[in-house]
Amino acid sequence: MSILVVGSVAFDTLKTAYGEREKILGGSATYFSLAASYFTKVRVVAVVGEDFTGEHENVMKARGIDTTGIERAKGKTFHWGGEYGENLNEAKTNFTDLNVFQNFSPRIPQQYADTTFLFLANIDPALQLQVRRQMPNVKMVGGDTMNLWINISRPQLTETLKEVDILLINDGEAKLLAGDSSLPRAARKVLQMGPRALVIKHGEYGATIFFRDGGLHPFRAPALPIDEVQDPTGAGDSFAGGFMGYIASQGKLDRSVLTKAMFYGGVMGSFAVERFGTERLQNLTTEEIDSRFELFRSLTHLE
Ligand code: AMP
């Protein structure tokens with residue numbers, strides 16, 4: 001099975017309690033694909049500028065990620081600046097330079113047409129919808145978004161949500177999207193907007209999956225307490241990569257697969273935050289991933 005992800009491939013300028021980094025490789029599609037690459041074949045659709053080098057692209061290629069769908073445009077790569085204070089679960093955006101994303105019109109390469117799973121990572125919802133419409137036959141569609149788009153592109157986002165099967169967002173985004181400060185109520189309202197399932201990420205506290213079908217009760221997976229969170233950037237996208245990657249590797253979608261996917265999401269998110277940028281996601285081993293999965297299991301196991 002394969003996953004196609006559309007999202008940002010970016011440069012990030014970051015500040016955390018552990019230091020600062022200037023223009024390092026980031027982006028929602030980058031974190032997602034690196035995390036998912038440990039489970040399944042990944043294809044990327046994105047745009048980068050002239051400042052994006054072969055060395056940057058090799059970070060993805062080295063993980064076997066198909067980068068044919070990354071378009072090179074005139075101009076500069078998307079550049080995001082963010083920092084984190086005491087609350088590691090919330091990034092403060094310092095700047096968002098859309099650059100080449102301003103004139104981006106995503107096109108799906110011919111050889112991506114047989115892709116089975118689609119993930120609409122965090123970008124302008126109008127672009128997400130454009131890609132969704134070009135992939136009508138996929139088995140399942142996952143999606144993400146952020147406060148910025150909920151605030152400035154709600155009509156487009158509403159259209160996109162109708163075409164998403166599983167939406168993954170965080171607590172704040174769910175409450176903002178639903179206009180409700182109660183999380184379970186917000187979840188129900190978001191599920192009325194289209195998705196069949198909603199994963200709400202609670203940062204360092206884990207994540208909960210809610211279902212539109214009232215007969216299916218929610219399930220919560222914890223997050224692993226990490227000694228040193230050096231850089232929370234990409235935790236959400238890496239969670240989504242582990243979650244969707246595991247689902248794609250199983251090829252079926254029952255409750256057991258979904259609950260395990262919640263754990264694999266947590267595993268990949270926990271690796272991402274241990275180092276700055278994508279560093280930790282570049283060279284993991286299956287043993288490291290499996291043993292962390294077992295840690296998650298023992299954390300929640302009831303004798
Ligand atoms: P997260 O998993 O939420 O920490 O995602 C962090 C990544 O999202 C960073 O690497 C940024 O480059 C990317 N990002 C931030 N803002 C945007 C935006 N408006 N559109 C697309 N990607 C973004």
Side-chain angles (χ1 to χ4, degrees), residues 5-16 21-36 44-49 52 56 59-60 76-84 87-102 104 106 119-128 131 142-153 156-157 160 167-174 176 199-204 207 223 229-244 265-266 268-281:
V5 56
V6 58
S8 56
V9 171
F11 289 135
D12 289 346
T13 291
L14 309 166
K15 189 171 167 188
T16 83
R21 296 287 187 282
E22 209 145 320
K23 285 190 94 177
I24 58 169
L25 179 65
S28 55
T30 310
Y31 281 103
F32 178 93
S33 18
L34 287 171
V44 191
V45 169
V47 64
V48 294
F52 195 82
H56 294 117
V59 170
M60 287 191 235
K76 284 188 178 166
T77 301
F78 176 93
H79 186 189
W80 178 73
E83 62 181 276
Y84 304 82
N87 180 2
L88 291 171
N89 298 325
E90 223 170 287
K92 177 178 168 282
T93 293
N94 290 332
F95 59 85
T96 302
D97 293 341
L98 288 176
N99 299 330
V100 288
F101 263 103
Q102 249 154 352
F104 181 47
F119 189 72
L120 308 172
N122 177 29
I123 42 165
D124 184 333
L127 299 178
Q128 291 179 316
V131 170
D144 186 7
T145 191
M146 73 186 295
N147 285 0
L148 175 72
W149 309 118
I150 301 171
N151 284 325
I152 69 169
S153 300
Q156 290 84 348
L157 183 60
T160 305
L167 180 69
L168 294 96
I169 49 179
N170 66 32
D171 300 82
E173 290 156 356
L176 181 69
V199 176
I200 299 187
K201 297 165 287 175
H202 316 299
E204 62 184 314
V229 175
Q230 290 203 355
D231 170 19
T233 311
D237 306 307
S238 307
F239 181 100
F243 178 85
M244 289 286 297
M268 300 315 285
S270 75
F271 281 124
V273 303
E274 285 179 344
R275 298 277 183 283
F276 268 86
T278 58
E279 191 186 324
R280 190 78 175 96
L281 293 178

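Indexing begins at 1, ligand by ligand and atom by atom, following the structure's order. Keep in mind that the numbers below use all heavy atoms, side chains included, and drop hydrogens, waters and symmetry copies.
- Distance from atom 4 (O) of ligand 1 to its nearest protein heavy atom, with residue and atom name: Gly234 N, 2.7 Å.
- Nearest non-hydrogen protein atom to atom 7 (C) of ligand 1 is Asp237 OD2, 3.6 Å.
- Listed by number with element, the atoms of ligand 1 under 4.0 angstrom from any heavy atom of Thr233 are 4 (O), 6 (C), 9 (C), 10 (O).
- Checking Ile123, Asn122, Val9 against atom 21 (C) of ligand 1, the nearest heavy atom belongs to Asn122.
- Remark: ligand 1 and Gly27 share an N or O pair separated by less than 3.5 Å (distance only, no angle test).
- Taking every non-hydrogen atom of Leu148 and a distance limit under 4.0 Å, the qualifying atoms of ligand 1 come out as 19 (N).
- For Asp231 (side chain) and Thr233 (main-chain N/O), a donor-acceptor pair under 3.5 Å exists by modelled atom type.
- Within ligand 1, counting atoms from 1 as listed, the ones closer than 4.0 Å to a heavy atom of Ser8 are 13 (C), 21 (C), 22 (N), 23 (C).
- Relative orientation of the Phe32 and Phe119 rings is parallel, given thresholds of 30° and 60° on the angle between their planes.
- Counting heavy atoms only, Phe78 comes closest to atom 23 (C) of ligand 1 of the residues Phe239, Phe78, Trp80, Phe95.
- Under a 4.0 angstrom heavy-atom cut-off, Phe11 registers as lying outside contact with ligand 1.
- Other residues, nucleotides and ligands contribute more than 12 heavy atoms inside 6.0 Å of the CD atom of Glu83.
- The closest protein non-hydrogen atom to atom 12 (O) of ligand 1 is Asp12 OD1, 2.6 Å.
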